[in-house]
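Presented below is the structure to which this report refers.
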There are 2 protein chains.
Amino acid sequence: MERAQLGAAPVCGFDLPEQCGNCEVRHLTLCAPLDSGEMQRLVEILKVIDVPAGASVTEEGEPAEHVFNVTGGALRLYKLLADGRRSVTGFLFPGDFLGLTAGDTYTCSAEAMTPVRLCRFPRRRLEGLFSELPKLERRLLAMASNELAAAQDQMVLLGRKTAAEKLASFLLQLSRRQEARHLPPDPVSLPMGRSDIADYLGLTTETVSRTITQFKTTGVISLQPQGRVVLRDRLALEECAEGA
Amino acid sequence: MERAQLGAAPVCGFDLPEQCGNCEVRHLTLCAPLDSGEMQRLVEILKVIDVPAGASVTEEGEPAEHVFNVTGGALRLYKLLADGRRSVTGFLFPGDFLGLTAGDTYTCSAEAMTPVRLCRFPRRRLEGLFSELPKLERRLLAMASNELAAAQDQMVLLGRKTAAEKLASFLLQLSRRQEARHLPPDPVSLPMGRSDIADYLGLTTETVSRTITQFKTTGVISLQPQGRVVLRDRLALEECAEGA
DNA sequence: CGGTTACTTGATGCATATCAAAGAGGGTGG
DNA sequence: CCACCCTCTTTGATATGCATCAAGTAACCG
């Protein structure tokens, strides 16, 4: 596991929901379009939750009683096949939403990769706010649409890209998500292990490792302590990622 | 290409929007939760469109001015890499929705595989109805959530399943979708070509063909004229699909 | 009925998986 | 504070599932 990020990147203000005004990722979350009065309605039903590294937040198939906004740390989403093969369907960072489902169970399991802080909403009560706060539902639809677009990109990656193209796409994706959180694009932080990356890209840990080495050797990236990656030749990565 | 399905399965009643009451896939569409008065508001902004086999309905990256409900025929959704590699991200059948996007461009290209009938809605005007018909937005969110769950399953398939498991999953998926349209589960109709299937499953046409032959040889399926597939051993397919 | 396209089948090759082991962190206890 | 140990990562050798290359065959259309 990795170093805690709660201290390094305090989020959603301090401990108290009343201080969402300080939330560094508000512009990415569910809450983005709400004014302070509307926020108050949300704050009434949310609870701030801290989860230690390695703990589960949701289990695939379990009743979906809550939905969550990630405000600190990082999680992996995954599904398992009958024989134990794993597919990591996504990584969540501050600002990301967890628990959206049309049915009444979670569609994926979610595990904290680092200590994680979440804003937890009872699903029923959040849905109860929809009529009062239509912006909330609008926002949820927009977030779902964005996730769908990302899922389509991931299908292209999994179905048609080579190992190098997959890795390049992955690094750029993380870089862009850092930028969305107003972090520098460049030393990309990898809070996940090689096997998480492998299960996300449809590869093995060995192939991930070899491909990283190859990128290092050809000078397009370089590695820093704590699994941080400097993108030395972003253009080369972009061309690689697009299959040029 | 394939035989037209418009004659065989008349949809959305006859020509006139006023006759949505006869629509055979209404329970699957955007329209499902609306009463007749509410339907009337939709009917005012929709136009029924017929598209010949092979024609494009949307192009990835083009302005998303319309959204569509499929009421007859079948389409493929796809994305291309820079060098021409193609990834088919989905197939659409009657009842399916096309054009959902958070941005202002389409995220995928859509091509008719057979003659297709669509209910076309100007996106702006549909969004304009949201405040008046909140059920509509609720429904769209539910449909997006369902698509997201399907996309996650597809990621597992692409990232971690073998060729045989992919094919088994694919046949079962089509069978279940036929059932959702109140068609028999069993002679599964394949309006798409082998290369469409290959690009959907992350395989080549040759591998798709060989795997189908293998299923035929082992007796789990049998082929009928016009690319219809009988699922002779559904249980075996289900176990294969889940990686048992 | 002939031409064209799509599908099937076969032979071979390669990218990535698998198997195996050595090397690097990083956390803990002495 | 250092040394040990555990786990994760890297590197190497080999294997294999699927891709690629190449015909042959069947289906469809005009």
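Chain letters run A, B, ... following the sequence lines, proteins first and then strands; every chain starts at 1.
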### Task
Would you please indicate if the ring centroids of B/Phe97 and B/Phe68 are separated by under 6.0 Å?
no
### Query
So does A/Arg210 pair up with A/Glu206, basic N to acidic O under 4.0 Å?
no
## Note on the structure
With B/Glu62 as partner, the option from B/Glu65, B/Glu60, B/Glu59 fulfilling side-chain contact (heavy atoms from CB on, under 4.5 Å) is B/Glu59
### Task
Could you tell me whether A/Asp199 and A/Arg76 have a side-chain N and a carboxylate O separated by less than 4.0 Å?
no
### Query
Roughly how many Å is it from CG in B/Leu158 to C1' in D/dC18, rounded to a whole number?
15 Å
### Query
Between B/Arg160 and A/Ser87, do the side chains contain an N or O donor and an N or O acceptor separated by less than 3.5 Å?
no
### Task
Please report, rounded to the nearest Å, how far the P atom of D/dA26 is from the CZ atom of B/Arg194.
15 Å
### Query
Got a salt bridge between B/Asp153 and A/Lys79, using NZ or NE/NH1/NH2 to carboxylate O under 4.0 Å?
yes
### Message
Rounded to whole Å, please give me the gap between CD in A/Glu165 and P in C/dA15.
### Response
12 Å
### Summary
In whole angstroms, the gap separating C1' of C/dT16 from NZ of A/Lys161 amounts to 18 Å
### Message
Go nucleotide by nucleotide along DNA chain C from the 5' end; which of A/Ala164 and A/Pro225 gets its closest nucleotide reached first?
### Response
A/Ala164
#### Entry: Distance, rounded to the nearest Å, where A/Gln226 contributes CD and D/dC8 contributes P
17 Å
### Query
Roughly, in whole Å, what's the span from CD in A/Gln224 to P in C/dA24?
19 Å
### Query
Is any NZ, NE, NH1 or NH2 atom of the basic residue among A/Glu165 and B/Arg85 found under 4.0 Å from an Asp or Glu carboxylate oxygen of the other?
yes
### Presence of salt bridge, B/Arg228 and B/Asp186, under 4.0 angstrom
no
### Task
Rounded to the nearest angstrom, tell me the gap between atom CD1 in A/Ile221 and atom C1' in D/dT10.
14 Å
### Query
Can you tell me how far C1' of D/dT11 sits from NZ of A/Lys216, to the nearest Å?
11 Å
### Task
Name all pairs fulfilling the ring pair (Phe, Tyr, Trp, His ring centres under 6.0 Å) condition that reach into residues 201-235 of chain A, sequence neighbours left out, sorted by first residue then second.
none
### Query
For DNA chain C, what residues of residues 196-212 of chain A have any heavy atom nearer than 4.0 Å?
A/Gly202, A/Leu203, A/Thr204, A/Glu206, A/Thr207, A/Arg210
### Axis deviation across the helix from C/dC1-D/dG30 to C/dG30-D/dC1, five-pair ends, to the nearest 10°
50°
